[in-house]
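Scroll down for the structure; my scribbles are underneath it.
Note that these values count all heavy atoms, side chains included, but never hydrogens, waters or copies made by symmetry.
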Amino acid sequence: TGVGVMVRSQEQADSLVAEFGDQVVTSLGDVRSGVDNQKAVAATLRRFGKLDTLVGNAGVWDFFTRLEKMSLDELDKSFDEIFGVNVKGYVLAARAAAEALRESRGSMIFTLSNSAFYAGGGGILYVTAKHALVGLNRSLARDFGPQGVRVNCVCPGWVRTPMADEEMQ
């Protein structure tokens, strides 16, 4: 058994391979790209022969930025980035993995946040994107459940990550 991981840099890929060896296959890409998601699934299938679980775990946070603190230009750019990574990336990953997960009767697990249910966990864009993912999770569960694919989400509170550490500085 092993894990396929899409990462953004060769440095991340090299670090994972150094730590986990043949138990990991890496694919360089951007979660906002359907082609990159498909390449990650294909690399995993080539290495391990099947895909049992898709874990959507990419995310961008907005550092509690309120709507009126952003200019229209900043809002436009931030919306595209946050919704692109936090929502579109999960939709594309689900689509890329769908066939393989039906074959294995596998599962999709998406990392949301307590902000998916609580408006105080971020700024306007982050909270709205995480709320959108509740709808995505429910829709995918409705569509894929009858096909033998389980779809669930986890909604942790604050987790120490490099992204969270940036906010604390």
First locate atom [atom1] of [X], then atom [atom2] of [Y], and finally report the distance between them rounded to the nearest 0.5 Å.
| X | Y | atom1 | atom2 | value |
| --- | --- | --- | --- | --- |
| F83 | T128 | CZ | OG1 | 5.0 Å |
| N57 | I109 | CG | CD1 | 10.5 Å |
| E99 | L45 | CD | CG | 9.0 Å |
| L101 | T53 | CG | OG1 | 7.5 Å |

**Request:** Hydrophobic side-chain clustering at under 4.5 Å (ILVMFWY, transitive links): who's grouped with L72? Put none if nobody.
**Result:**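 Other cluster members: none.
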
**Message:** Applying side chain to side chain donor-acceptor pair (under 3.5 Å) as the test, list every pair that has at least one member in residues 76-91; sequence neighbours left out.
**Reply:**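 Listed once each, the pairs are D73-K77.
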
**Message:** I need the full list of side chain to side chain donor-acceptor pair (under 3.5 Å) pairs touching residues 15-44, with sequence neighbours left out, sorted by first then second residue.
**Reply:**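 Every side chain to side chain donor-acceptor pair (under 3.5 Å) pair that includes a residue of residues 15-44, provided the two are not neighbours, is D30-R32.
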
**Message:** What verdict does the side chain to side chain contact (heavy atoms under 4.5 Å, CB included) test give for T65 and E74, after you've listed the backbone C-alpha separation in whole Å, the side-chain angles of each residue and the deciding distance to 0.1 Å?
**Reply:** CA-CA 11 Å; T65 306; E74 290 168 327; over 6 Å; no

**Closest contact, heavy atoms only, M108 versus L140** =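 The answer is SD-CD1, 4.2 Å.
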
Table please: side-chain donor-acceptor pairs of residues 3-13 below 3.5 Å, with sequence neighbours left out.
from	atom 1	to	atom 2	distance (Å)
S9	OG	Q12	N	3.1
S9	OG	Q12	OE1	3.4
Q10	NE2	D14	OD1	2.8
Q12	OE1	R8	N	2.8
Q12	OE1	S9	N	3.0

**Contacts of R105 that satisfy side chain to side chain contact (heavy atoms under 4.5 Å, CB included) - sequence neighbours left out** =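 Result, side chain to side chain contact (heavy atoms under 4.5 Å, CB included) vs R105: none returned.
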
Pairs under 3.5 angstrom only: tabulate donor-acceptor contacts from the side chains of residues 114-124 to other protein residues two or more places apart or in another chain.
from	atom 1	to	atom 2	distance (Å)
S115	OG	S113	OG	3.3
S115	OG	G121	O	3.1

**Message:** Surrounding CZ of R138 (heavy atoms of other residues, nucleotides or ligands, distance under 6.0 Å), is the total greater than 12?
**Reply:**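 Open: at most 12 neighbouring heavy atoms sit under 6.0 Å from CZ of R138.
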
